[in-house]
Novice: 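Here it is, the structure, as structure tokens.
From a predicted model like this one, the values you see are computed outputs, not experimental measurements. Remember, it's 1-based here, ligands and their atoms both numbered in the order they're listed.
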Amino acid sequence: MKTAGKIRKNTDGTLMVPNSPIIPFIEGDGIGPDIWRATQKVLDHAVMLTFGGDRKIEWLELMVGEKGFHETGEWLSEEALDAIKTHVVAIKGPLTTPVGKGIRSLNVSIRQVLDLYACIRPVKYIETVPSPMKHPESIDMVIFRENTEDVYAGIEWPAKSEEARRVIEFLVESMGASISPDAGIGIKPISEKNTKRLVAAAITHAIEHDLPSVTLMHKGNIMKFTEGAFARWGYETAHEQFGDQTITEAEVWESHGGKPPAGKVVIKDRIADMLFQQVLLRPAEFHVIATPNLNGDYLSDALAAQVGGLGMAPGANIGDRCAVFEATHGTAPKYAGLDKVNPSSLILSGAMMLDYLGWKAAAAAVRAAIEKTIRSGTVTYDLARQIAGATELKCSEFAQKIVDNMG
Ligand code: NAP
């Protein structure tokens, strides 16, 4: 008889995972309940099939978002945040954030409060998924998006507020800036410490997975002291912490005739707008991309479109203490409760979570079954509208097909 237990983190960062780990989940708003149900079913089946009943996830629901507000009066309670901290690994559906008014993003709050500084989003083409690209098979990248600062830090004030007036007054009178008095104000902090730990995580990933390059994506030609500094600190991180394992693109050309020496990760940088066209035209040149928060948000949705759309885009928010896995997309409110959308994004986030636990065979079983299900032309609406002759399934039916194909 298995007893449920907590995952623990060792001082060296490795995990101790009991056979029956308690893993908190947040169902999410909008399409959250539909895709969560599908995900739970597929993950439980994969674990059961792979480990023959020796391992099982004990799910612990956290009341957050609209469900939390209705049941407890709180959108995001201390108790829920503590549960993620003490159980080390969690998974969540999307949470609603009103545009231009109301509560701050709960998603951003979770990342900031738990210091989940690396948002990791793999973008890999799955065979037979419809793509607007001519050669989607050459897309295999991982985005490391800084997750705690940049304009996402939430330091902003509405136009004509007392706070905005005082900041503008200071900037105009003491710093010589020129700002319209009716401007809304947002602050963009990018720090050396947070940049360096994010870039270190990206380079470590490249080394551990034997990937040829890490690209620092930034808009440093315009925002010199934030995005420009991000690139500079990124190169410093490579030099200071990974000097023997990395080489800059400039050094490759200056000393190696443009051919990277074996075993070295090439560190390069690209201006953000230019990178958007290069990932379309020459995706095979990019492997790991490290970038500040807002660039990473834009780039991950754009890259998701190249491999089948947001329904296929998984992600993870990882810090030194804990990790929260979640899909790239939001709550897609127009599909809420219709049992319609593609749950692959959250299921694949769950596969990333199984990998993180070290349950790699179960993660591989999930990915193989999704691939098989899509290859057989049984898909949700988003893929069905792009595949001639496909059979359109509901979200729950698609999950059942994945389960059947795993067996
Ligand atoms: P969204 O929820 O990501 O949805 C935009 C569109 O993407 C959908 O209308 C749909 O396209 C497609 N899509 C998203 N998820 C899909 C899925 N699982 N399967 C198939 N297609 C999918 O973006 P939004 O409408 O801008 O945002 C809605 C809310 O979500 C906002 O409150 C926002 O703040 C929040 N949000 C939360 C998170 C998070 O929890 N981490 C992230 C982003 C946004 P079609 O209409 O073409 O079918």
Novice: I'd like to know if M312 contacts ligand 1, where contact means a heavy-atom distance under 4.0 Å to any ligand atom.
Specialist: no
Novice: Could you walk me through whether D29 and T331 satisfy the side chain to side chain donor-acceptor pair (under 3.5 Å) test, starting with their C-alpha distance in whole Å, then the side-chain angles of each, then the deciding distance to 0.1 Å, before giving a yes or no?
Specialist: CA-CA 6 Å; D29 304 328; T331 58; over 6 Å; no
Novice: Please step through side-chain contact (heavy atoms from CB on, under 4.5 Å) for the pair I26 and W36, ending with a clear verdict.
Specialist: CA-CA 8 Å; I26 296 166; W36 170 250; over 6 Å; no
Novice: Of the choices L310, T331, N342, which has the non-hydrogen atom that lies closest to atom 12 (C) of ligand 1?
Specialist: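 Considering heavy atoms of L310, T331, N342, the nearest to atom 12 (C) of ligand 1 sits in L310.
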Novice: Below the 3.5 angstrom mark, is there an N/O of V341, backbone or side chain, next to an N/O of ligand 1?
Specialist: no
Novice: Is there a heavy atom of I35 sitting under 4.0 angstrom from any atom of ligand 1?
Specialist: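 Not so, I35 does not reach ligand 1.
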Novice: Take E240 and K196, measure what salt bridge (Lys or Arg N to Asp or Glu O under 4.0 Å) needs, and give me the verdict at the end.
Specialist: CA-CA 10 Å; E240 290 161 3; K196 286 190 165 177; 3.3 Å; yes
Novice: Which atoms of ligand 1 are found less than 4.0 Å from any heavy atom of P94?
Specialist: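 Numbered from 1, ligand 1 contributes 40 (O).
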Novice: Please answer whether the main-chain N or O of K160 pairs with a side-chain N or O of R165 as donor and acceptor at a distance below 3.5 Å.
Specialist: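 Judged by distance alone, no pair lies under 3.5 Å.
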Novice: Check ligand 1 against K334 and write out every atom of the ligand that is under 4.0 Å from a heavy-atom position of the residue.
Specialist: 9 (O), 46 (O)
Novice: Counting only heavy atoms closer than 4.0 Å, does ligand 1 sit against the backbone of T97, its side chain, both, or neither?
Specialist: both
Novice: Looking at ligand 1, does P333 have a heavy atom less than 4.0 Å from it?
Specialist: yes
Novice: Looking at D382, which atoms of ligand 1 are within less than 4.0 Å of one of its heavy atoms?
Specialist: 20 (C)
Novice: Could you check whether the rings of F69 and W75 sit parallel, tilted or perpendicular, using 30° and 60° as the cut-offs?
Specialist: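 Rings of F69 and W75: parallel, as their planes differ by under 30°.
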Novice: Identify which of R111, H329, E326 has a heavy atom lying nearest to atom 14 (C) of ligand 1.
Specialist: H329
Novice: Indicate yes or no: does an N/O atom of G311 lie under 3.5 Å from an N/O atom of ligand 1?
Specialist: no
Novice: Taking 4.0 angstrom as the limit and counting only heavy atoms of R385, give me the atoms of ligand 1 inside it, by number and element.
Specialist: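 By the 4.0 Å cutoff, the relevant atoms are 45 (P), 47 (O), 48 (O).
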Novice: Mind checking whether I31 has an N or O less than 3.5 Å away from an N or O of ligand 1?
Specialist: no
Novice: Answer with side chain, backbone, both or neither: which part of P343 has a heavy atom less than 4.0 angstrom from an atom of ligand 1?
Specialist: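 Neither; no heavy atom under 4.0 Å.
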Novice: So, for F276 and Y298, is the gap between ring centers shorter than 6.0 Å?
Specialist: no
Novice: For H218, which of T226, D269, T195 qualifies under side chain to side chain donor-acceptor pair (under 3.5 Å)?
Specialist: D269
Novice: Please answer whether the main-chain N or O of D382 pairs with a side-chain N or O of Q386 as donor and acceptor at a distance below 3.5 Å.
Specialist: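 A pair under 3.5 Å: yes.
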Novice: Compute whether any side-chain donor of one residue and acceptor of the other, for Y117 and D320, lie under 3.5 angstrom apart.
Specialist: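 The criterion, which ignores hydrogens and geometry beyond distance, is satisfied for D320 and Y117.
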Novice: May I ask you to identify, for T96, whether its side chain, its backbone, both or neither come under 4.0 Å of ligand 1 on a heavy-atom basis?
Specialist: both
Novice: Check each of L116, V89, D115, I7 against C322 using the side-chain contact (heavy atoms from CB on, under 4.5 Å) test, and report the only one that passes.
Specialist: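 Answer to the side-chain contact (heavy atoms from CB on, under 4.5 Å) test with C322 among L116, V89, D115, I7: L116.
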